[in-house]
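Notes follow the structure.
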Amino acid sequence: MLRNPVGLSYAVVALLAAMAVADAALFAAALDVRLLTAGDAQGRWEWQDFTHPGVEGATVARGLVQLALTVVFIVWFFRVRRNAGIFAPDLHRGGPGWAIGAWFVPVANLWWPRSVAAGTWRASRRDPYGDGKGAGESFAVLNLWWAFWILTNLADPFASAVYDDADTAEEFAAGAGFFMGAALVDIVAAGLAIRFVRRLTSMQRSKVTGMIPAAQ
């Protein structure tokens with residue numbers, strides 16, 4: 001049975017927007033850390049026990065939003081994959097359960113979910129077996145989102161490690177700089193994810209509408 005993914009897509013988009021806001025807050029807090037370290041050019045301040053409430057608060061907020069986003073996104077992803085299995089059953093490797101499980105397989109989760117997404121995207125086109133050259137049906141948005149998703153999953157832990165290990169003004173400045181870069185990458189990733197979710201949901205909605213016979 002086909003299930004409507006529209007309501008879930010709204011929740012995913014709202015949480016992605018919230019993540020972008022939390023990223024902007026982290027960027028601003030990290031910039032403040034950079035300014036503070038620049039003000040201690042003479043090394044007069046004690047930095048070993050330094051904490052910045054903005055960085056700490058934004059980091060916690062991002063973690064909470066990420067937790068909620070992960071759950072809601074995977075539920076949406078599972079739903080669109082199930083629908084895609086009805087549209088074109090032969091275009092998928094494995095069952096719809098891998099729309100959930102693929103995210104939790106170490107190392108393979110760097111490409112397996114993208115493979116599931118590609119099969120779902122292809123099946124949701126007006127012509128699943130066509131060349132995909134229809135308006136908005138190419139893999140461009142999927143590939144861009146996935147590239148930035150990989151980048152943000154590399155940049156975030158690296159920035160956190162550098163910042164958490166800092167003991168001097170120079171080290172905090174470096175960590176804050178990496179946090180700023182990671183926040184920008186994550187904002188772009190969130191924007192691309194919003195585009196991906198909205199487009200795939202729209203493709204499925206249009207496909208279902210086209211499958212419903214007109215009233216006689």
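- Between the side chain of R79 and the main chain of N4, a donor-acceptor pair closer than 3.5 Å is present.
- Here the closest heavy-atom approach between residue A189 and residue W145 is recorded as O-CD1, 3.8 Å.
- Side-chain heavy atoms closer than 4.5 Å link hydrophobic residues (I, L, V, M, F, W, Y) into clusters, and following such links, even through other members, never connects Y129 to I86.
- Residues V33 and Y163 meet the side-chain proximity criterion, which asks for heavy atoms closer than 4.5 Å.
- In this structure the side chain of R3 reaches within 4.5 angstrom of the side chain of N83, judged on heavy atoms.
- Considering every non-hydrogen atom in both R34 and A176, the closest pair reads CG-CB, 3.8 Å.
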Test side-chain contact (heavy atoms from CB on, under 4.5 Å) applied to T59 and V55, step by step:
CA-CA 6 Å; T59 301; V55 172; 4.0 Å; yes

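- Nearest heavy-atom pair, W112 versus A102, reported as atom, atom and distance to 0.1 Å: CG-CB, 3.7 Å.
- A search for salt bridge (charged side-chain N to carboxylate O under 4.0 Å, His left out) contacts involving R62 returns D23, D156, D186, not counting sequence neighbours.
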With side-chain contact (heavy atoms from CB on, under 4.5 Å) as the test, would you mind laying out the steps for F87 and R125 before giving the verdict?
CA-CA 9 Å; F87 297 150; R125 290 170 173 164; over 6 Å; no

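- With sequence neighbours left out, the side chain to side chain donor-acceptor pair (under 3.5 Å) criterion links N143 to R114.
- Summarising the geometry of N109 relative to W146, their closest heavy-atom pair is O-CZ2, 3.6 Å, with the distance given to 0.1 Å.
- Between F178 and F158, a ring centre-to-centre spacing shorter than 6.0 Å is recorded.
- P113 has its side chain out of reach of W98: every pair of non-hydrogen atoms, C-beta onward, lies at least 4.5 Å apart.
- Two residues are said to be in side-chain contact when any heavy atoms from C-beta on lie closer than 4.5 Å; M180 and L31 meet this criterion.
- No continuous path of hydrophobic side-chain contacts links V71 to V197 [ILVMFWY only; heavy atoms under 4.5 Å].
- Side chains of Q204 and T120 form a contact here, defined as non-hydrogen atoms less than 4.5 Å apart.
- Residues V116 and F77 meet the side-chain proximity criterion, which asks for heavy atoms closer than 4.5 Å.
- Note: the hydrophobic cluster containing F104 does not contain L67 (ILVMFWY, side chain heavy atoms under 4.5 Å, direct or indirect links).
- No continuous path of hydrophobic side-chain contacts links V80 to V208 [ILVMFWY only; heavy atoms under 4.5 Å].
- Judged purely by atom type and a 3.5 angstrom limit, S9 uses its side chain to pair as donor or acceptor with the backbone of V6.
- P96 and R82 get closest at one heavy-atom pair: CB-CG, 3.7 Å.
- The structure places CG of L184 at 12.5 Å from CG of L151, a figure rounded to the nearest 0.5 Å.
- To the nearest 0.5 Å, atom CG of residue L26 and atom CD1 of residue I187 are 9.0 Å apart.
- The side chain to side chain contact (heavy atoms under 4.5 Å, CB included) with V12 is formed by just one residue from the set V72, I194, I74; it is V72.
- The structure places CD of E56 at 6.0 Å from OG1 of T51, a figure rounded to the nearest 0.5 Å.
- Side-chain atoms of R199 and E137, non-hydrogen and from C-beta on, do get closer than 4.5 Å to each other.
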Take F78 and L8, measure what side-chain contact (heavy atoms from CB on, under 4.5 Å) needs, and give me the verdict at the end.
CA-CA 11 Å; F78 175 72; L8 280 170; over 6 Å; no

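- S202 contributes no side-chain N or O that, together with a main-chain N or O of R198, makes up a donor-acceptor pair within less than 3.5 Å.
- Taking 4.5 Å as the limit, every side-chain heavy atom of L36 sits out of range of all side-chain heavy atoms of F172.
- How far CZ of R195 is from CG of L16: 14.0 Å, rounded to the nearest 0.5 Å.
- Between T152 and A182, the shortest heavy-atom contact is OG1-O, 4.4 Å.
- Y10 and V13 fall into different hydrophobic clusters, where Ile, Leu, Val, Met, Phe, Trp and Tyr side chains are chained together by heavy-atom contacts under 4.5 Å.
- A centroid separation of 6.0 Å or more is found between the aromatic rings of F196 and W149.
- Ring geometry for W76 against F73 counts as tilted: the plane angle lies between 30° and 60°, on a 0 to 90° scale.
- H92 places no side-chain N or O within 3.5 Å of a backbone atom of A123 that could act as its donor or acceptor partner.
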